[in-house]
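In this chain, residues are counted from 1 in sequence order. What you are looking at is a predicted structure, and each value in this text was computed from that prediction instead of being measured.
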Amino acid sequence: MIVQSCNNATNLLKNLLDWSRSQTGRMTFNRLRFDLIGLVNEITVIYCDIAVQKKINILKELPAELQIWGDVNMISTVLRNLISNAIKFTYPGGNITLSVTKTNSEALVKVIDNGVGIPEVALDKLFKISSKFSTSGTQNEEGTGLGLILCKDFIDKHNGKIGVESVLGKGSTFWFSLPVE
């Protein structure tokens with residue numbers, strides 16, 4: 001519980017700092033070529049202990065490598081938020097799947113869980129600062145609603161797209177796409 005509390009506090013502080021730097025123009029956009037799959041694997045390692053404590057399996061459907069152009073720190077923040085949320089809203093014994101596919105022009109990343117799902121009326125509110133939405137996780141983990149807003153901002157800076165599909169009681173799929181070149 002202490003580790004989970006510390007992780008939640010750390011994520012909140014990172015999100016607040018990133019969001020404030022983004023909103024005030026103090027965050028530099030450092031585009032470079034990097035391996036998205038390596039980053040997904042690196043971020044997954046960070047959350048393995050939390051997932052194990054909650055008895056959640058993290059499954060991966062990834063190609064061996066996928067080079068993209070982007071800001072590693074921003075994409076890392078997006079992945080951390082989506083994976084952290086998936087763990088938060090998945091019941092013990094559940095599964096989270098990280099999927100990456102490539103088309104001719106973009107990489108599509110999905111974080112799929114079989115957790116609590118999101119009410120349809122709330123889906124429009126998730127990525128908007130004007131209509132903050134936050135609920136407690138399956139073990140009363142707290143959220144601020146700021147993480148997804150930050151994710152949208154960072155994906156927009158990459159000329160990508162972000163979205164969610166969810167069925168209440170069955171789980172959610174959060175996805176984002178990034179231009180490959």
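With rounding to the nearest 0.5 Å, the separation of CZ in Arg80 from OH in Tyr47 is 6.0 Å. To the nearest 0.5 Å, atom CG of residue Leu98 and atom CG of residue Asn41 are 9.0 Å apart. Distance check: Lys161 NZ to Ser177 OG gives 5.5 Å after rounding to the nearest 0.5 Å. Between atom CG of residue Leu82 and atom NZ of residue Lys110 there is a gap of 13.5 Å, rounded to the nearest 0.5 Å. To the nearest 0.5 angstrom, Asn85 atom CG is 9.0 Å from Asp113 atom CG. From Asp49, atom CG reaches atom CD of Gln53 across 6.5 Å, with rounding to the nearest 0.5 Å.
Using a 4.5 Å heavy-atom threshold, the side chains of Phe174 and Leu126 count as touching. Side-chain contact check for Trp175 versus Ile162: every heavy-atom pair is 4.5 Å or farther apart. The side-chain heavy atoms of Glu61 and Thr97, taken from C-beta on, include a pair separated by under 4.5 Å. Between Asp71 and Arg31 the shortest side-chain heavy-atom distance does not fall below 4.5 Å. The closest side-chain heavy-atom distance from Ile155 to Leu178 is below 4.5 Å. Using a 4.5 Å cut-off on side-chain heavy atoms (C-beta onward), Lys170 and Val116 make no contact. A heavy-atom distance below 4.5 Å is found between the side chains of Leu150 and Thr77. Two residues are said to be in side-chain contact when any heavy atoms from C-beta on lie closer than 4.5 Å; Leu62 and Val40 meet this criterion.
Here the closest non-hydrogen pair linking Ala64 and Ile37 is O-CG2, 3.9 Å. Closest approach of Ile87 to Ala51, counting heavy atoms only: CD1-CB, 4.2 Å. Of all heavy-atom pairs between Ser76 and Ile43, the closest is OG-CD1, 3.2 Å. Of all heavy-atom pairs spanning Pro179 and Asn159, the tightest one is CG-O, 3.7 Å. Across Gly147 and Asn81, no two heavy atoms sit closer than the pair CA-OD1, 3.3 Å. Pairing each heavy atom of His158 with each of Trp69, the nearest pair is CD2-O, 4.3 Å.
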| query | Given the rule in the side chain to side chain contact (heavy atoms under 4.5 Å, CB included) test, do Phe154 and Ile75 qualify, once you have shown the distances and angles that lead to the verdict? | reply | CA-CA 7 Å; Phe154 286 176; Ile75 301 306; 5.9 Å; no
| said: Before you tell me yes or no, could you show the steps for Ile112 and Ile96 under side chain to side chain contact (heavy atoms under 4.5 Å, CB included), namely the whole-Å CA-CA distance, both residues' side-chain angles and the distance that decides it to 0.1 Å? | reply: CA-CA 5 Å; Ile112 306 159; Ile96 296 169; over 6 Å; no
| Check against side chain to side chain contact (heavy atoms under 4.5 Å, CB included), Val111 and Thr173 | CA-CA 6 Å; Val111 179; Thr173 299; over 6 Å; no
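Note: the hydrophobic cluster containing Leu168 does not contain Val164 (ILVMFWY, side chain heavy atoms under 4.5 Å, direct or indirect links). Cluster membership for Ile46 and Ile56, using ILVMFWY side-chain heavy atoms within less than 4.5 angstrom, is shared.
Of the residues Ile68, Val109, Leu108, the one that meets the side-chain contact (heavy atoms from CB on, under 4.5 Å) test with Val100 is Val109.
Looking at Lys102, its side chain never comes within 3.5 Å of a backbone N or O of Leu66 through a donor-acceptor pair. Side-chain atoms of Lys157 do not come within 3.5 Å of backbone N or O of Lys152 as any donor-acceptor pair. Here the side chain of Ser166 pairs a donor or acceptor atom with the backbone of Gly171 at under 3.5 angstrom. Under a 3.5 Å cut-off, the side chain of Asn114 and the backbone N or O of Asn95 do form a donor-acceptor pair.
More than 12 heavy atoms of other residues, nucleotides or ligands shown are found within 6.0 angstrom of NZ on Lys60.
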